[in-house]
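Here is the structure we will look at, set down as structure tokens.
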Amino acid sequence: MKSAKNILQPEARPLKTAVLVLDECHTLSFAATIDPMRAANRLAGRPVFDWDYVSATDDIPMLSSGLTVPTFPLARLMDCDLLLVLGGFQVVRQATPSLLSGLRRIAATGATIAGVDGGTWLMAEAGLLDGHAATTHWEELENFSARFPAVDCRSDRFAVSEGRLTSGGAMPAVEMMLHIITARLGGGFASRVGGMFLQDDPTAAQAGKKVAPLSGHRHNAITAKANAIMEASLDEPKPLAEIAEVLGTSPRSLQQQFRLRLNTTPQDHYLQLRMAEARRLVTDTDLSLMEVAQATGFSAQSSFARAFRTAHGMSARELRQEHLDQGTPPRQGRTPYGYEADEAAASRHH
């Protein structure tokens, strides 16, 4: 068996993912895993996730809502970076020797295996969670712990262990997927992906309030204030020591808080915010690339170019040309800080 590939690290290439859909999988669990991947691809403008749907047998699985999902059999899946196992009802009946053997085969390639709902039970039945921290739905925790004593059963919403991820249900599955996105593309990008799942509050919008995004990680008072300082100074990034001093804490403590709450460093979080703004300015404005670089805190075009390619998988020039080829010309009259210079442009919809 190969050592598990570490998918929870910064990576620009698409994550090759297989989604194992079991019969009677909960529809919400299906959406909770697929939509974050779709949203990440849409927001990045490139494949962050590249996924296929697989099934336990040759039969096409049906979700709990009656919807069917076109798949190919797990037996034909040769390899992937991440296998998402989505189970629902009747997992005992579905835990056939063939399916459990297939799960062990994919795990042996070094793929990370992640379970949602009944998927956790199937992973445990296959012996893939022995010695690992894992969780399942809170109503089943006691039974799960008794059935699989070799598993380090946790009451967490989702659990992360080496090469293994497990979720306690549909909503925690969103958080688990955002955790993966955070590790690979940074907390700033993951926050934007999470924000795509939050419907605007009409009263907040009318009052001009910014609705806080739903994300798989949670700010506390310190990291939230640090994030606000960073967002207000993208063009002139402040040193970590200065941010810490404003917040009345130490740089070391601030580092610890970001790692604990957001699974990243303040520096990486700051860079992701700057890169997200750089992407927006490249695609939404006609600013020169040098102006974009300056507006996001880069004094040298070369360092901006390297950071942009690392964050987005292509150069700023290539991205702008791609949008032009798609018939979406950049908007004119925008200042480097993202505000429209004319009132007509300010009325555009997102």
Check whether the ring centres of Y53 and F30 lie less than 6.0 Å apart, and answer yes or no.
yes
Quick test of your reading of the model: are R76 and D52 salt-bridged, counting only N-O distances below 4.0 Å?
no
If you count heavy atoms of other groups shown closer than 6.0 angstrom to CD of E236, is the number above 12?
no
Taking NZ, NE, NH1 and NH2 as the nitrogens, is one of them in R93 or E24 under 4.0 Å from a carboxylate oxygen of the other?
yes
Donor + acceptor pair across side chains of S55, T71 (<3.5 Å)
yes
What I want to find out is whether E277 reaches R274 closely enough, with some N-O distance under 4.0 Å, to be called a salt bridge.
no
Assigning hydrophobic clusters by single linkage (Ile, Leu, Val, Met, Phe, Trp, Tyr; side-chain heavy-atom cutoff under 4.5 Å), is L28 placed with L84?
no
Any side-chain donor-acceptor pair under 3.5 Å between Q94 and D23?
no
Under 3.5 Å, is there a donor-acceptor pair between the side chain of T33 and the main chain of S29?
yes
Side-chain donor/acceptor of T27 to backbone N/O of L63, under 3.5 Å
no
Can a donor-acceptor pair be found, under 3.5 Å and without considering hydrogens, that links the side chain of D81 to the backbone of K16?
yes
Treat each ILVMFWY residue as a node, draw an edge where side-chain heavy atoms are under 4.5 Å apart, and state whether V282 and M290 are in one component.
no
Between S167 and A173, is there a donor-acceptor pair closer than 3.5 Å when you use the side chain of the first and the backbone of the second?
yes
So does R42 have more than 12 non-hydrogen atoms from other groups sitting under 6.0 Å from CZ?
no
Do S233 and Y270 have side-chain atoms, one donor and one acceptor, less than 3.5 Å apart?
yes
